[in-house]
Chemist: 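There's a structure below that I have some questions on.
Chain A is the first sequence line, chain B the second, and so forth, proteins listed ahead of strands; every chain is numbered from 1. All figures in this text were calculated on a predicted structure; none of them were measured in a lab.
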There are 2 protein chains.
Amino acid sequence: MKKQCPVATTMNLIDNKWKILILRDILKGPKRFGFLKKSVVGISSKMLSQNLHEMERDGILNRKVFPEVPPHVEYSLSPLGESMRPIIRSMEKWGNNYLENVKGKQQIKF
Amino acid sequence: MKKQCPVATTMNLIDNKWKILILRDILKGPKRFGFLKKSVVGISSKMLSQNLHEMERDGILNRKVFPEVPPHVEYSLSPLGESMRPIIRSMEKWGNNYLENVKGKQQIKF
DNA sequence: AACCTAAGTTACTAAAAAGTAGCATTTGTA
DNA sequence: TACAAATGCTACTTTTTAGTAACTTAGGTT
C-alpha cells in the first residue's frame, strides 16, 4: 500500500468550512448547540447537527448530554481535536494579516 | 460594519480540498497543469482549471503562459500564496502525526 | 390548558458542485 | 493523411449538498 499524503489526510477530517468554524469556537471552551447555532453565522440546525456528529464520530469532539428538560448538550474538544489548535491558529493569523494588510488596499473586491 | 472573523476570512479563500492540495504542490515550486492533474489525485480537468482560475483571481497564484505549441502554462505562488505556507505546514504536521500515532491504533476505521 | 424551552430529526425540495464527453489549437512527426 | 502533444472550454447530465418547514420531548410557567 502506498503512503498517504498528510495534507489530504487532514482535509479528510476537516473537509468543510463549518467544521473549521465549529472548531474555532470550541477551542475557546466547551459549547452548547444553541451557542454554536448563533456563533457560526449562516449554519442551519441540520448542518450543525450533522457536522457535530461527524466530528464526534471522527474523535475530534466529545458530546456530553445532561439528562434535563429542556435538553442540554455540551460539546468539547477531545485530545485529537485539541491537537488541531495550531491549524486553526495559523488560519487566524493569516486571516488577520489579510484583513489588515491586503483587503481594502487593493482595488479588486473581496 | 462589524469586524470579520479571521478564520472565516481564510476559509473564504481556500474553501475546498482541491485548493489546499493544489497549494501543497505549488509550494514545492512552480507547476504545470499536466503535473497537477496527475498529482492531485481524483481531480478532473474542469475542477483543476476552475480552481486554478479562482486562485489566480484571488491573488494566490500567478499564471504564466508560454506562447508555444502545444500549450505550456506554469502556475506559481504569489507572495500572498507564499504566505499561506504555515497553514499547509500545520496541516502536514497534523496529518503526519495522525497517520503515525492515531490511525490504525484505534479500532474505529478511518 | 396552552405555551415555552433546547436540541435535535425527518421528509421534501432546491441549489450547487462535480463528472463526462467532445471540441479546439497548431506545429511536428510517422 | 492523420495523429499526437498540452491546456483548457463548453454543454449536458448526474450527484451531492444544503435549505425549509414541520414535528418531538417533557417538565416548568402563565
Chemist: Find the distance between CZ (A/Phe33) and OG (A/Ser49) and round it off to the nearest 0.5 Å.
Modeler: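 Those atoms lie 5.5 Å apart.
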Chemist: Rounded to the Å, how far apart are B/Arg63 CZ and D/dA6 P?
Modeler: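 Atom CZ in B/Arg63 sits about 16 Å away from atom P in D/dA6.
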Chemist: Are the side chains of B/Arg24 and A/Cys5 in touch, meaning some heavy atoms are under 4.5 Å apart?
Modeler: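 Yes. Closest side-chain heavy atoms under 4.5 Å.
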Chemist: Is any side-chain nitrogen or oxygen of B/His72 closer than 4.0 Å to OP1 or OP2 of D/dA5?
Modeler: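 The answer is no; no side-chain N or O of B/His72 sits under 4.0 Å from OP1 or OP2.
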Chemist: Do the side-chain N and O atoms of B/Lys17 and A/Asn16 include a donor-acceptor pair separated by under 3.5 angstrom?
Modeler: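 No, A/Asn16 and B/Lys17 have no side-chain donor paired with an acceptor closer than 3.5 Å.
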Chemist: So, B/Ser78 and B/Asn62: side-chain donor and acceptor under 3.5 Å apart, yes or no?
Modeler: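 Note: B/Ser78 and B/Asn62 side chains miss the donor-acceptor criterion.
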Chemist: Tell me, for nucleotides 11-29 of chain C in 5' to 3' order, what letter each nucleotide earns: B for a base near a protein heavy atom under 4.0 Å, S for only sugar-phosphate near one, - for neither?
Modeler: B------BBB-----BS--
Chemist: Using a heavy-atom distance cut-off of less than 4.0 Å, which residues of residues 19-33 of chain B contact DNA chain D?
Modeler: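 Residues of residues 19-33 of chain B that come under 4.0 Å of DNA chain D are, in numerical order, B/Arg32, B/Phe33.
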Chemist: Begin with the C-alpha distance, continue with both residues' side-chain angles, and end with the deciding distance and a verdict on side chain to side chain contact (heavy atoms under 4.5 Å, CB included) for A/Ile22 and A/Tyr75.
Modeler: CA-CA 10 Å; A/Ile22 289 167; A/Tyr75 296 91; over 6 Å; no
Chemist: Output the distance between atom NZ (A/Lys38) and atom CG (A/Leu48), rounded to the nearest 0.5 Å.
Modeler: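 One finds 12.0 Å between NZ of A/Lys38 and CG of A/Leu48.
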Chemist: Measuring from atom CG of A/Leu23 to atom CE of A/Met84, what distance do you get when rounded to the nearest 0.5 angstrom?
Modeler: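 The CE atom of A/Met84 is 6.5 Å from CG of A/Leu23, to the nearest 0.5 Å.
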Chemist: Expressed as a whole number of angstroms, how long is the span from B/Glu74:CD to D/dG8:C1'?
Modeler: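 About 17 Å, once rounded to whole Å.
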Chemist: Whole-Å distance between C/dA6 P and A/Glu68 CD?
Modeler: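 So the two atoms are 12 Å apart, to the nearest Å.
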Chemist: Take B/Arg63 and B/Glu74, measure what salt bridge (Lys or Arg N to Asp or Glu O under 4.0 Å) needs, and give me the verdict at the end.
Modeler: CA-CA 6 Å; B/Arg63 184 168 184 270; B/Glu74 195 179 85; over 6 Å; no
Chemist: Please examine the side chains of B/Leu36 and B/Leu52, heavy atoms only from C-beta on, and report whether any two atoms are closer than 4.5 Å.
Modeler: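 Answer yes - side chains close enough.
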Chemist: Base, sugar-phosphate or nothing for A/Tyr75? Non-hydrogen atoms, less than 4.0 Å.
Modeler: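 Counting heavy atoms under 4.0 Å across all strands, the contact made by A/Tyr75 is with sugar-phosphate only.
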Chemist: Rounded off to whole Å, could you give me the CG-to-C1' distance for the B/Leu36 and D/dA6 pair?
Modeler: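 Interatomic distance, CG of B/Leu36 to C1' of D/dA6: 13 Å.
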Chemist: Tell me the interatomic distance from B/Lys37, atom NZ, to D/dA5, atom P, rounded to whole angstroms.
Modeler: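 Atom NZ in B/Lys37 sits about 14 Å away from atom P in D/dA5.
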Chemist: With a 4.5 Å limit on heavy-atom distance, are the side chains of B/His72 and B/Val65 in contact?
Modeler: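 When only atoms from C-beta onward are counted, B/Val65 and B/His72 do not touch, as no gap falls below 4.5 Å.
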Chemist: Can you measure B/Asp15 atom CG to D/dT17 atom P for me and round it to whole angstrom units?
Modeler: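 It is 15 Å, rounded to the nearest whole Å.
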Chemist: What's the NZ-P distance between A/Lys64 and C/dG8, to the nearest Å?
Modeler: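 A/Lys64 atom NZ is separated from C/dG8 atom P by 15 Å.
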Chemist: May I have the step-by-step check of salt bridge (Lys or Arg N to Asp or Glu O under 4.0 Å) for A/Glu54 and A/Lys19, ending in yes or no?
Modeler: CA-CA 9 Å; A/Glu54 288 172 8; A/Lys19 285 180 184 168; 2.7 Å; yes
Chemist: So what is the end-to-end bend of the helix from C/dA1-D/dT30 to C/dA30-D/dT1, with 5 pairs used at each end and the value given to 10 degrees?
Modeler: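 The value is 30°.
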